[in-house]
Amino acid sequence: MLKSLLFIFFLLSSSIFNLYSQEKFIQNDFLYQEIKLKAQEYKDDINFYKAQYYFTKKNWDSTLVYSGRQLESNRNLALKDYCYYFRGFGFREKKLFPEAVKDFKKVSRKFTFYCKIQINLGEIALEQNKFKDALYYFHSAEKSENDNCNFKKSTAIHNIGLCYLHIDQFDKAEAYLFKASELQELEKDTLLLIGSYMDIANLYYNQFKDSQAIPYFEKAYKLATKVKSFELKQNATLNMAIVEENRKEFQKALLYRKEYESWRDSLRNQNKVWAVADLEKKFTVKQKQKEIDVLEAENRLKNSERNLFLTVSVFLLFLFGAGIYFYREKSRSNKIILIQKNELKELNNTKDKLFSIVSHDLRSSVNALKRSNSKLSENLENRNFSELDVLLTKNTAITNDAYNLLDNLLNWAILQTAQTYFYIESLHLHSIVEQVQYNFKALLLDKEISFENNVDEEVYILADLDSLKIIIRNLLDNAIKFTPPKGKISFCANTEIEEDFCYIIIEDSGIGISPSLQKEILEESFLLSKKRTDDTKGTGLGMQLCKNLISKNEGRLKIESAENQGTKFIIILPKSKKDG
């Protein structure tokens with residue numbers, strides 16, 4: 001049963017890789033050159049000239065409009081096949097396959113580049129799972145001796161093998177797939193070769209020939225590591241994970257699964273960028289569609305007397321169908337909208353709470369600074385220099401608190417909008433603690449707090465450098481804030497508790513944290529910290545930021561504390577191989 005499921009997955013995934021259009025324009029493409037010559041020869045046919053221009057620019061909507069106008073004018077029969085080819089290719093690129101097939105079949109067999117018609121019809125049939133039709137067209141293209149077609153025969157041969165694989169004619173599938181892979185090796189076409197190796201593996205797996213299938217999965221995986229396609233890397237890695245699971249090599253399978261997850265995450269990030277581009281493209285298509293609708297309306301008016309009854313009938317049927325469709329869509333959309341409404345309400349509540357807290361703290365800091373500056377001016381006039389030093393120190397503390405709040409707010413906002421870029425690397429922990437401690441040296445001296453960096457210099461961890469500095473900075477800032485004068489703060493690291501993780505311990509001799517507040521801090525929804533002394537309070541935003549960044553570094557956070565007995569914050573992060 002597992003082997004059957006494995007085959008189905010491989011067959012579906014690998015088929016995707018081989019449905020590439022062969023109509024990629026290049027400067028030495030004979031069809032491209034011929035189109036340019038025809039445009040110069042019949043430059044008075046303005047609709048054809050525009051149609052070929054937009055065709056070469058891959059603007060399919062405008063191509064359809066002007067090639068349709070040229071066909072309606074019926075001015076020059078020598079351009080008829082080119083216009084039908086433009087329309088067929090344009091419809092295919094827009095995934096309107098029935099319309100594409102209809103126009104491709106209107107191209108006469110006398111067309112110089114008729115083999116390209118066969119290739120396109122074969123690929124459309126393959127995408128629609130009409131494998132016998134696809135075989136007919138690909139075989140015809142394979143036998144073509146027309147050098148003007150300029151297409152890769154290895155792709156046509158591979159697609160023939162893929163069709164035979166789908167209809168369970170394994171002997172023929174094997175012959176064609178191997179022939180295609182040999183040509184692709186000569187052509188050094190790595191992307192298509194990966195797909196060929198997967199399809200060959202599928203062929204053997206479907207016949208329960210595991211020993212013959214596995215080497216091709218391994219070949220596909222090794223090649224996939226050398227290409228930039230996240231989708232190929234992801235599928236090849238997942239294939240190897242399932243193969244190792246079948247062979248009971250669970251440790252190897254786990255490594256492949258982890259690698260698969262990393263490629264899948266990379267693909268998702270890439271797909272987000274593509275999704276935005278796709279939305280922009282859809283908007284442009286809609287605008288062009290409006291132009292097409294206007295042109296179609298003009299044509300209907302010209303033939304209104306002859307086609308009035310037919311037009312009205314079709315329109316009524318369309319309204320009836322659209323009414324049913326939109327009714328169903330509206331019911332489904334209402335459910336989705338209700339879910340999204342509840343989610344949005346939660347997000348807005350969190351946002352409002354955050355803005356309220358931050359604005360209150362900022363206003364308090366600014367008011368305190370304003371009052372302190374007034375006193376500063378008075379003491380300056382009275383030349384009370386001893387009081388000036390106290391006020392300047394207080395102003396510095398207020399400014400630092402406001403700066404830290406704004407810095408945490410900025411980092412939190414960047415994290416929420418997924419704009420951060422994480423680069424996990426091996427980091428020397430002792431040096432990083434020293435760097436962060438240096439920035440707080442003045443505050444430590446001001447409160448006469450002793451600081452000890454007891455991290456072993458041989459400890460290395462796996463984390464993102466910038467996010468680790470933010471975590472340590474916030475926790476050290478909290479330790480200083482809640483530790484009384486002449487207190488003590490220390491950093492140490494323990495690599496013996498867990499084999500793969502390092503325990504980073506930040507300990508202070510401060511006021512401590514109650515069990516209930518510890519539980520609240522570790523909750524996901526924690527945002528507002530409690531007022532813990534008369535002059536130290538905060539938004540809790542820094543702690544929320546720390547938890548999120550620790551999680552993104554694949555770590556955990558623990559708290560050990562009791563009121564008036566100090567606090568231990570424990571950050572658990574993966575160890576680096578450099579850590580002995």
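For this chain, numbers begin at 1 and follow the sequence in order. In what follows, every heavy atom counts, from backbone to side chain, and hydrogens, waters and symmetry copies are set aside.
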Side chains of [X] and [Y]: does their closest heavy-atom pair fall under 4.5 Å?
X	Y	result
L468	L573	yes
T567	N478	no
H430	N453	yes
N474	M543	no
K94	D61	yes
F91	T63	no
Y503	R556	yes
I124	F104	yes

- By salt bridge (charged side-chain N to carboxylate O under 4.0 Å, His left out), which residues pair with E452, not counting sequence neighbours?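 Listed in chain order: K488.
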[X] to [Y] - nearest heavy-atom pair and separation:
X	Y	answer
A236	A220	CB-O, 4.1 Å
V455	A493	CG1-CB, 4.1 Å
Y204	A213	CB-CB, 3.6 Å
W60	G90	CE3-CA, 3.9 Å

Would you say [X]'s side chain and [Y]'s backbone share a donor-acceptor pair under 3.5 angstrom?
X	Y	result
K575	E499	yes
H428	E457	yes
K219	Y197	no
N553	L549	yes
Q207	L203	yes
D464	I424	no
S561	G566	yes
K179	G161	no
S551	K547	no
Q518	I513	yes

- Answer yes if the side chains of Y164 and E174 hold a donor-acceptor pair under 3.5 Å, and no otherwise.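 Their side chains do not contain a donor-acceptor pair, so the 3.5 Å distance test is not met.
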Can you measure from [atom1] ([X]) to [atom2] ([Y]) and round to the nearest 0.5 angstrom?
X	Y	atom1	atom2	answer
S576	L462	OG	CG	4.5 Å
I505	I572	CD1	CD1	9.5 Å
F138	Q118	CZ	CD	11.0 Å
L177	I157	CG	CD1	10.5 Å
C502	D456	SG	CG	10.0 Å
E249	L255	CD	CG	11.0 Å

- Query: Please walk me through it: do M240 and Y260 pass side chain to side chain contact (heavy atoms under 4.5 Å, CB included)?
  - Reply: CA-CA 10 Å; M240 290 306 302; Y260 162 75; over 6 Å; no
In residues 332-339, what donor-acceptor pairs under 3.5 Å come from side-chain atoms, sequence neighbours left out?
unit_1	atom_1	unit_2	atom_2	d
R332	NH2	E329	OE1	2.9
R332	NH2	E329	OE2	2.8
S333	OG	E329	O	2.7
N334	ND2	K330	O	3.3

- Relative to each other, are the rings of F55 and F89 parallel, tilted or perpendicular (30° and 60° limits)?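 Aromatic pair F55/F89 classed perpendicular.
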- Item | Audit row: Y137, E123, side-chain hydrogen bond (donor to acceptor under 3.5 Å, both in side chains) steps and yes/no | CA-CA 9 Å; Y137 293 117; E123 291 181 350; over 6 Å; no
Carboxylate-amine/guanidinium contact [X] [Y], below 4.0 Å:
X	Y	value
R92	E127	yes
E554	K258	no
R264	E261	yes

- Test log, rule side chain to side chain contact (heavy atoms under 4.5 Å, CB included), inputs E520 and L517: CA-CA 5 Å; E520 184 178 350; L517 186 54; 3.8 Å; yes
- Message: Would R247 and E244 count as a salt bridge (charged side-chain N to carboxylate O under 4.0 Å, His left out) here? Give the steps.
- Response: CA-CA 5 Å; R247 294 198 289 192; E244 296 299 341; 2.6 Å; yes
- Query: How far apart are the C-alpha atoms of Y216 and F178, what are their side-chain angles, what is the distance that settles it, and do they pass the ring-ring contact (aromatic ring centres under 6.0 Å, His included) test?
  - Reply: CA-CA 11 Å; Y216 285 97; F178 272 106; 5.7 Å; yes
- Message: Heavy-atom count check: over 12 atoms from other residues, nucleotides or ligands less than 6.0 Å from Y136 OH?
- Response: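 No, the 6.0 Å shell around OH holds no more than 12 heavy atoms from other groups.
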- Can you list the steps and then say if L429 with Y460 is a side chain to side chain contact (heavy atoms under 4.5 Å, CB included)? CA-CA 6 Å; L429 183 59; Y460 288 82; over 6 Å; no
- Message: Does Y221 form a ring-ring contact (aromatic ring centres under 6.0 Å, His included) with Y256? I'd like the steps, not just the answer.
- Response: CA-CA 10 Å; Y221 172 77; Y256 283 121; 5.2 Å; yes
- Taking it one step at a time, do F451 and L476 satisfy side chain to side chain contact (heavy atoms under 4.5 Å, CB included)? CA-CA 10 Å; F451 179 87; L476 180 55; 3.9 Å; yes
